[in-house]
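So that the names make sense, note that chain A is the first sequence line, chain B the second, and so on, each numbered from 1.
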2 protein chains.
Amino acid sequence: MDPEERRRAVAEAVFRVVCRDGLEHASLRNVAAEAGLAIGSVRHYFAGHTELMVFAMREMSARLITRLTVHAEHLLDPSEPLTSAERLETAVRMLAEMLPLDEERRTEAVVWLSFAATARTRPELRAHADELYDGLLALTTRILEGARRAGRLHPEADIALEARRLCALLDGLSLEAAFHPGRLDACTMLAVLRAHLTALTPSAG
Amino acid sequence: MDPEERRRAVAEAVFRVVCRDGLEHASLRNVAAEAGLAIGSVRHYFAGHTELMVFAMREMSARLITRLTVHAEHLLDPSEPLTSAERLETAVRMLAEMLPLDEERRTEAVVWLSFAATARTRPELRAHADELYDGLLALTTRILEGARRAGRLHPEADIALEARRLCALLDGLSLEAAFHPGRLDACTMLAVLRAHLTALTPSAG
DNA sequence: TCTTTTATAGCACGGCCATGCTATGTTTTA
DNA sequence: TAAAACATAGCATGGCCGTGCTATAAAAGA
């Protein structure tokens, strides 16, 4: 088996363990068992526990960024002009990629938040956590700037502030759906996001 | 020393350890050292590690609820009518109690989010986490209902949805300030909150 | 075919942990 | 003053952990 593929398979096992049992149980032993490998095999691909965690965190952020970028290209590509309704729908769909709307994305949100919480006191993870946060802020800023250019934003809106607000909303929805499972269904999350974006456009006022 | 006071002092030590080193380091040994006690002494007041964690989580939620309730009484007391500007200011101040605007409240946010993350996979903590979340949702709902009665809310606004949106915003701001220290200052958080509440009132449109 | 590299596996050590149990002061009560 | 209750302290056990190191098998290259 290809080494890189193997590493990714082990990272998948990390995700499953973190989601099911919590990050505190993602020991080399438990991850190896989850991956169906001996602990020695896992250590053949990763120098130690720290390297495994860093790789898994990288893998997760890469996954999120890839998904978001695909949608961002559709939304921000000026070659295919969109109607305002299409614009709103595309924006909702893109930002919804960040929300735990299905089991797969819920797992991602849980894992990501677990890593972010741990990164707070772990220097080797802090950079990645902050990086993704900055990326999210930059992305929402670009979306709002695009909306302004298309005349789909209140003229007096403060883009930097609104980007912060949109980020906080997305993070908050993810947090609640991840940490309080069952209290926030996909439908409600989408409705909240749609309401927020609609309130930002002038036609809604 | 009064037993209950001693228990609270130990809980304070838990908060310091969690904030400084992370919840995964809040062992009986580390907490005892932080509190300046022997491990046996801590165990005299708490049956075990689990009981200590549950008590600390209770203590933290009680602290948050107490602070919020004080402000809520001011805001929702119909005996002293407020001007619209006062209403907005009071609402901002009350909801700001939930935000990590200073070091004390940042500690609380960090500790609370750490507990909430852990509670996801720990039955004995889950109830407390969900309870506080429900309380926050109920509180924002009451505030929005009060605003509606005072004519300070768009008539067509969906209160249940807006309560969810406000909760998510507050949770998101707390999350970002707690997990990405230095990237979100108190001033910006307040500005975001104020912008959100202002956008909910009809005079702003 | 023989050798070298790669993959898989796991033992053994020392560290930190929770906890059962015991010991020693210290206060309160009789 | 004697005894009972409480507070403080810590030892000993057994468990999970990361990691250094070794062992065996498979594959690749000579």
*Asks:* Would you kindly say whether A/Arg165 and B/His196 are connected by a side-chain donor-acceptor distance under 3.5 Å?
*Replies:* yes

*Asks:* Under a 3.5 Å distance rule, please check whether B/His180 uses its side chain to pair with a backbone N or O of A/Arg120 as donor and acceptor.
*Replies:* no

*Asks:* Which nucleotide sits closest to the side chain of B/Arg29: D/dC6, D/dG18, C/dT19?
*Replies:* C/dT19

*Asks:* May I ask you to check whether over 12 heavy atoms, not counting those of A/Arg142, lie within 6.0 Å of atom CZ?
*Replies:* no

*Asks:* Rounding to a whole Å, what distance do you find between B/Arg7:CZ and D/dC6:P?
*Replies:* 15 Å

*Asks:* In terms of the nearest nucleotide of DNA chain C, which residue is placed more toward the 5' end: A/Gly40 or A/His44?
*Replies:* A/His44

*Asks:* Tell me: NE2 of A/His49 to C1' of C/dC16, nearest whole Å?
*Replies:* 15 Å

*Asks:* Find the distance B/Leu28:CG to D/dA9:P and express it as a whole number of Å.
*Replies:* 15 Å

*Asks:* Can you find a side chain N or O atom of B/Ser27 that sits less than 4.0 Å from OP1 or OP2 on C/dC17?
*Replies:* yes

*Asks:* Can you build the contact string for nucleotides 20-25 of chain D? Use B for base contact, S for sugar-phosphate-only contact, and - for no protein heavy atom under 4.0 Å.
*Replies:* BB----

*Asks:* Whole angstrom is fine here: how far is it from CG in A/Leu52 over to P in D/dG18?
*Replies:* 9 Å

*Asks:* Which whole-number value in Å describes the distance from A/Phe46 CZ to C/dA7 P?
*Replies:* 13 Å

*Asks:* State which residue, out of B/Glu12, B/Glu51, B/Glu59, fulfils the salt bridge (charged side-chain N to carboxylate O under 4.0 Å, His left out) condition with B/Arg7.
*Replies:* B/Glu51

*Asks:* Quick one: on DNA chain D, does B/Ala38 or A/Ala26 contact a more 5' nucleotide (nearest heavy atom)?
*Replies:* B/Ala38

*Asks:* What I want to find out is whether A/Arg105 reaches A/Glu97 closely enough, with some N-O distance under 4.0 Å, to be called a salt bridge.
*Replies:* yes

*Asks:* Nearest-Å distance, CE (A/Met53) to P (D/dT19)?
*Replies:* 11 Å

*Asks:* Quickly work out the A/Arg6 CZ to C/dA7 P distance and round it to whole Å.
*Replies:* 10 Å

*Asks:* Taking OH from B/Tyr45 and P from C/dT19, how many angstroms apart are they, rounded to a whole number?
*Replies:* 19 Å

*Asks:* Between B/Asn30 and C/dC17, is there a side-chain N or O to OP1/OP2 distance below 4.0 Å?
*Replies:* yes

*Asks:* Look at atom CZ of B/Arg58 and say whether more than 12 heavy atoms of other residues, nucleotides or ligands are closer to it than 6.0 Å.
*Replies:* no

*Asks:* Below 4.0 angstrom from OP1 or OP2 of C/dA9, is there any side-chain N or O of A/Ser41?
*Replies:* yes

*Asks:* Between B/Glu162 and B/Arg148, does any side-chain N to carboxylate O distance fall below 4.0 Å?
*Replies:* no

